[in-house]
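Notes follow once the structure below has been shown.
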Amino acid sequence: MALPACAAPALRPPLQPERGAPARTTCPRRHSRVEAELAASRPGSVAASVRAGPPRGVSLGFNSPPLLDEPLKASSSLAGAVRAPLFALLPRGRRRRMRDLRRRWDLGSLCRALLTRGLAALGHSLKHVLGAIFSKIFGPLASVGNMDEKSNKLLLALVMLFLFAVIVLQYVCPGTECQLLRLQAFTSPMPDPYRSEDESSARFLPHYNFSRSDLLRKVDFDIKGDDLIVFLHIQKTGGTTFGRHLVRNIQLEQPCECRVGQKKCTCHRPGKRETWLFSRFSTGWSCGLHADWTELTSCVPAVVDGKRDARLRPSRCTAVKSLTIAPDTDVMELERSPSGPKSAVNCRNFHYITILRDPVSRYLSEWRHVQRGATWKASLHVCDGRPPTSEELPSCYTGDDWSGCPLKEFMDCPYNLANNRQVRMLSDLTLVGCYNLSVMPEKQRNKVLLESAKSNLKHMAFFGLTEYQRKTQYLFEKTFNMNFISPFTQYNTTRASSVEISGEIQKRIEGLNFLDMELYSYAKDLFLQRYQFMRQKDHQEARRKRQEQRKFLKGRILQTHFQSQIQGQSQNPSQNQSQNANLNANQNVTQNLIQNLIQNLTQSSSQNLSQKDNQGSQKQNPGQEQSDSNTSNGTNDYIGSVEKWR
């Protein structure tokens, strides 16, 4: 009996059928050909999917067998394909990949179905909720006419109006900078650019009584003449930043020339080869490193006069008699002195300025600076024509510097010049015997130094505070009539603020600087009173200018009205008598106004002559206080304003 051709390899061990697959009774090659023919006749079968190409997202490598030898399964017939004999002939790794692919397809279809049904349910619920809301809103209007059409049109109009308003608002006011969206814009005025930097109360309550001459600081600084600004730079008070503002940030006819890489700038007067500023950034340390009041008042005139021809020296330098104090002199007698504790030479064209700082912050900042190696060995400390001896001013350290010293060691040194440095820098040391502590008792010496520092600070042309940068800028501009290009910046984070100290250490620092604490309280009170006084004066000046403008506009209106009436009368000579009477009355009013102006002019001229006589008599008596020369007649101001506006 002849066996079929497919039974030739029967002697070999038979292939184990796949688990769950039917046993083969026919030839596999013939069986696969029959299945392929049957599958080709059915639409959507595995063969059709094989002819269509690989599934989406499945790529074949270069060494992959053809797709016809790989029966792929569609999502609708995956279960049947697993039991097919063709699937059993695949290698084990290929079968595992096919099962993974089937699982992915099943999960993707399930996720898509769940997402579609979830979105449909959400849209359905939103539709019902919105319908209920609209029915509640527009329900009362349902009885009026055709409610469906009207409600739809009204709803559409409201939605379009809302969208249009949002678009316009975003176009006009982008972001959060729109003032209309801020509730404070409707309740509070514009913020004050000179508001207190420490966010304290805008209204300052003074503790000291100062006269109007002490509060009014307006220097007639002539930059083209012989006037000179002298900057007294106290250590760690922000003087370096302010000194840079003076040479780089002022609007001048001839600005300072500052070259890159050089600390000093050339600040010449317009058309001259002379400087108008005496500071470390213009003339260097010409009188020594961080020269104090005693050194500057005796050194600056000699330095300035030595750099110019003797024939061109200013003749306005007036000598003030020297004030000597015996060891038993009372401080009250010093306060009652008409000249006060001043230096031996004081020139009117030398305008001294300085910057002060809170004593505790300044002390900590100097300690941190000393830790980094600062010594200020180049300071001369010249007083009464000589520097102090080593016995009068011992050193606190033995090496080259005092770098790395702890705060306790810095505070324990009794000869540390950081203690009460601001009082010592601003007072006249010749009044207490310079650095010789044996001239007078310590208590009396401290009183004399403090009163001298207060007097010199009050009579300075200008002083500022480090904690009030914008107010410092404002007062300097008003004092010297010089404007800065860019505003000052308030830095609340400094090296001193980063130092954390306990309350006990802070009290000890305040005790070591008790004179500076009292001087700073005095200076802060005077500074803020000057600021308020100048601001009030600016407001009054602005109000006066507005009144003058209104008066000028009223005068122009009356003038045009009279001219129009006169022109109408010349064109129409046949007017009635009532109009002539009104015109005559208006002319009489103008004549009366002119007569009053003439009388006021004569009275003002006589008053000016009398004021000049009074000023001449006051010049003969320099000890007598001068009256305020800024007061003038209202008519004078009005006439001047009219001429100015014309």
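- Ile229 has its side chain out of reach of Phe278: every pair of non-hydrogen atoms, C-beta onward, lies at least 4.5 Å apart.
- Within 6.0 Å of atom CD in Gln262, more than 12 heavy atoms from other residues, nucleotides or ligands are found, so the atom counts as buried in its surroundings.
- For the pair Arg368 and Tyr363, the cation-pi criterion (under 6.0 Å, within 45° of the ring axis) is not fulfilled.
- Sorted by first then second residue, the ring-ring contact (aromatic ring centres under 6.0 Å, His included) pairs that include residues 237-262, not counting sequence neighbours, are Phe231-Phe242, Phe242-Phe476, His245-Phe488.
- Only one option out of Gln235, Arg421, Lys236 pairs with Glu366 in a side-chain hydrogen bond (donor to acceptor under 3.5 Å, both in side chains); it is Arg421.
- With a 4.5 Å cut-off on side-chain heavy atoms, His233 and Thr240 count as touching.
- Partners of Glu541 according to the side chain to side chain contact (heavy atoms under 4.5 Å, CB included) rule, which considers only residues two or more places apart in sequence or in another chain, are Arg544, Lys545.
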Using residues 402-413 as the side-chain source, report each donor-acceptor pair under 3.5 Å to any protein atom, sequence neighbours left out, with the distance given to one decimal.
unit_1	atom_1	unit_2	atom_2	d
Trp402	NE1	Glu409	OE2	3.2
Ser403	OG	Asp401	OD1	3.2
Lys408	NZ	Asp412	OD2	3.1
Asp412	OD1	Arg508	NH1	3.4
Asp412	OD1	Arg508	NH2	2.4

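- Using a 4.0 Å cut-off between charged nitrogen and carboxylate oxygen, Glu253 and Arg269 do not count as a salt-bridge pair.
- With hydrogens and angles left out, the side-chain atoms of Ser279 and Ser282 include a donor and acceptor closer than 3.5 Å.
- For the residue pair Gln473 / Glu477, a side-chain donor-acceptor distance below 3.5 Å is found, with atom types taken as modelled.
- Under the 2.5 Å SG-SG cutoff, Cys265 and Cys256 do not qualify as a close cysteine pair.
- A salt bridge between Lys478 and Asp538 is present, with a side-chain N of the basic residue lying under 4.0 Å from a carboxylate O of the acidic one.
- Heavy atoms from other residues, nucleotides or ligands lying under 6.0 Å from OH of Tyr415 number 12 at most.
- For the residue pair Thr489 and Arg470, no side-chain donor N or O sits within less than 3.5 Å of a side-chain acceptor on the partner.
- A distance below 6.0 Å separates the ring centres of Phe210 and Tyr522.
- At least one side-chain heavy atom of Leu528 sits under 4.5 Å from a side-chain heavy atom of Lys471.
- Residues Ser452 and Asp428 have side chains that never bring a donor and an acceptor to within less than 3.5 angstrom of each other.
- Relative ring orientation between His351 and Phe480 is described as perpendicular, the plane-to-plane angle rising above 60° on a 0-90° scale split at 30° and 60°.
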